[in-house]
Each structure stands twice: as C-alpha cells, then as structure tokens.
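Convention: sequence-line order gives letters A, B, ...; per-chain numbering from 1. Values reported hereafter were calculated over all heavy atoms of this structure, with side chains retained and with hydrogens, waters and symmetry mates removed.
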Amino acid sequence: MPTNKLPRKFYTGSDTLQTARNLLGKLLVVPAPDGKRVSGIIVETEAYMGPEDKGSHAFGNRRTNRTEPMFGMGGFSYVYFVYGMHYQFNVVAGTEGIPHAILVRALEPVEGIDWMEERRRQDRGPNLTNGPGKLCQAMGIDLTLNREDLLSDRIWLEKSRNKIVEADISSGPRIGIDYAEEFVHAPWRFWLTGNPYVSKPPTKTKAKQRLLP
DNA sequence: TATGGGATTACCT
DNA sequence: GGTAATCCCATAC
C-alpha cells in the first residue's frame, strides 16, 4: 500500500505564507479507534509568522511549555487549548528555532464522517468542521496529539485529488487577534474561494473595550 | 500562589 | 445583536 504522506520537505520551506497556501487542498488524516480513517480536505488556514508577529503566541520569541512545539522543526503538530473548551490544531512550519506555525481553521469532510457526526452531535454538513475548534472535535484531536510528528501514524497529511491553483485562493485578515496591533490587518488567512466548509467568522470582531477615565 | 484573559462555539433575545 | 461556558497558561506578585 503506497503512502501518500507529505514529505518533511513540504513543511520545512522558508516561505511560511506559501506553505499556508500549499496546505489548501491537502488531506488531514487521523485514524479512528476502530482503525478506520477520518479525514478532510483543508480549506482554510492562517499563518503565524514568528517572533515579529504580534498575533502569534511566540511573539518576541516567547518560549514556554506551550509554545515550545513552534520552535521545533517543520512537520510537527502544535495543539493548544483555548477558552476552557476548545483545541486548535496547527502545522509547525520552517526550520528549527524559528517559531512559525499554520492554524488549520476548516476542513471539508471526506472519510469517517460517521465518526465526526458522533463526536460533534450535530447536523450533517458544514457545521461538522467549519471552524478550528469544531474540526478538532470532529477529528478527535486533543493535547495527546501535541508535538506529534506529521509523518507518524497518529496524524498526518496527504496529497488529495484536488488540484488547487492560485486563482482558487482568497486571502484576508486573520480571525480573533484584535490584540495584534499593526498585524491585525495582515492578510495571512487563506481559504478556497466559495468553499461551503470555510468558517463563518463573527460579523463583528470583538472590539477592544476601552473605558473612558 | 493568585489572577485575568484567550488563534471559539453555541445558544439566547 | 449579545454572552456564558470553562480551564490552561502566562504573568505578576
């Protein structure tokens, strides 16, 4: 049985924005407890661009237990927990020592949809995986998959039959980082134009509350 | 050790 | 339109 796993080289390129684009159309695969494949096509990503990026957990080279995976070699996972209830799955990109990562924000389900529906207890369709927390729940991704090699057999990426060309890709500001000052508007979110599984961001990003003295 | 907030979601009016 | 849920993590003492 041929392996279609993306090679290490896919992740270790020096241009993380290009890697974030290249992830679109790739298949994210996790085995279910019964051994069956659960998978989906990546349709939305966000790039986090290292120590200069005020939107990144690793801004200023902040290196802690949580952010440590971002400093590793490309092609490993960075999974973290937010809001007391959600996990987020990132692909570490680039070379060791430079904390670049790409958040996977939405998938188009392909295999193991029964598993996704069971975990999500939700209607079939886009709500299964059209957000970073939703897709982690659907795929069963939690902290036990943090710092995992993406060439392992616990979680990996493959080519899919989808051929993506630049004309299929839209870009815009990242979601939920209103604290990122001059990086708030950096167009480092990428998605497949018109794909129904792309996340539905809040119409109004939470404005930083500023009380008058 | 204590505290405040978060790379979100679901549910309410 | 608004906000509760819920706990890890980073930071300040």
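- Aromatic ring pairs are classed by plane angle as parallel below 30°, tilted from 30° to 60° and perpendicular above 60°; the pair A/Phe81 and A/Tyr87 is tilted.
- Contact annotation for A/Gly55: base contact, defined as any heavy-atom pair under 4.0 Å involving a base atom.
- Following rounding to the nearest Å, A/Gln88 (CD) and B/dT8 (P) show an atom-to-atom distance of 5 Å.
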Using atom names, set out every protein N or O paired with an N or O of nucleotides 10-12 of chain C below 3.5 Å, distance rounded to 0.1 Å.
| from | atom 1 | to | atom 2 | distance (Å) |
| --- | --- | --- | --- | --- |
| C/dA10 | OP1 | A/Thr64 | OG1 | 2.3 |
| C/dA10 | OP1 | A/Arg66 | NE | 3.4 |
| C/dA10 | OP2 | A/Thr64 | OG1 | 3.4 |
| C/dT11 | OP1 | A/Arg62 | NH1 | 3.3 |

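- With hydrogens and angles disregarded, no donor-acceptor distance shorter than 3.5 Å links the side chain of A/Asn4 to the backbone of A/Glu158.
- Side-chain contact, A/Asn130 with A/Lys134: a donor N or O sits under 3.5 Å from an acceptor N or O.
- For DNA chain C, the stems formed by at least three consecutive Watson-Crick or G-U pairs, with both atom-pair distances below 3.5 Å, span B:1-6 with C:7-12, B:8-12 with C:1-5.
- Across the protein-nucleic acid pair, A/Tyr78 atom OH and C/dC8 atom P stand 15 Å apart, rounded to whole Å.
- In this entry the distance linking CG of A/Asp142 with C1' of C/dC7 reads 15 Å, nearest Å.
- With rounding to whole Å, A/Leu103 atom CG is found 11 Å from B/dT8 atom C1'.
- As a whole-Å value, the separation of A/Ile141 CD1 from B/dT8 P is 16 Å.
- Following rounding to the nearest Å, A/Arg120 (CZ) and B/dA10 (C1') show an atom-to-atom distance of 9 Å.
- Here A/Asp153 pairs with A/Lys5 in a salt bridge; the nearest charged N to carboxylate O distance falls below 4.0 Å.
- Across all strands shown, A/Ile177 has heavy atoms under 4.0 Å from sugar-phosphate atoms exclusively, and none from any base.
- Residue A/Met70 is the one, among A/Gln137 and A/Met70, whose nearest nucleotide of DNA chain B lies closer to the 5' end (criterion: closest heavy atom).
- Here, B/dG5 and C/dT3 have their P atoms 16 Å apart, quoted to the whole Å.
- The aromatic rings of A/Tyr78 and A/His57 sit perpendicular to each other, their planes meeting at more than 60°, with 30° as the lower class boundary.
- Taking atom NE2 on A/His86 and atom P on C/dC7, their separation rounds to 12 Å, with Å as the unit.
- A/Arg8 contributes a side-chain N or O that, together with a main-chain N or O of A/Gly74, makes up a donor-acceptor pair within less than 3.5 Å.
- Under the stacking definition used here (centres under 5.5 Å, planes under 30°), the residue A/Tyr83 qualifies as stacked on the base of B/dT8.
- Under the 3.5 Å distance criterion, with hydrogens and angles disregarded, no donor-acceptor pair is assigned to the side chains of A/Arg119 and A/Gln137.
- No side-chain heavy atom of A/Glu46 sits less than 4.5 Å from a side-chain heavy atom of A/Gln88.
- Centre separation under 5.5 Å together with a plane angle under 30° holds for the ring of A/Tyr48 and the six-membered base ring of B/dA7, marking them as stacked.
- Remark: side-chain polar atoms of A/Thr19 are paired, donor with acceptor, to backbone N or O of A/Asp15 under 3.5 angstrom.
- Here C/dA5 is the nucleotide among B/dA7, C/dA5, B/dT9 with the atom lying nearest to any side-chain atom of A/Met85.
- In terms of phosphate contacts, A/Lys134 brings a side-chain nitrogen or oxygen within less than 4.0 Å of OP1 or OP2 of B/dA10.
- In terms of modelled atom types and a separation under 3.5 Å, the side chain of A/Asn90 and the main chain of A/Val92 share no donor-acceptor contact.
- Rounded to an integer number of Å, the gap from A/Tyr179 OH to B/dG6 C1' is 7 Å.
- Each of A/Gly84 and A/Leu143 lies near DNA chain C, and the nucleotide nearest A/Gly84 is the one positioned closer to the 5' end.
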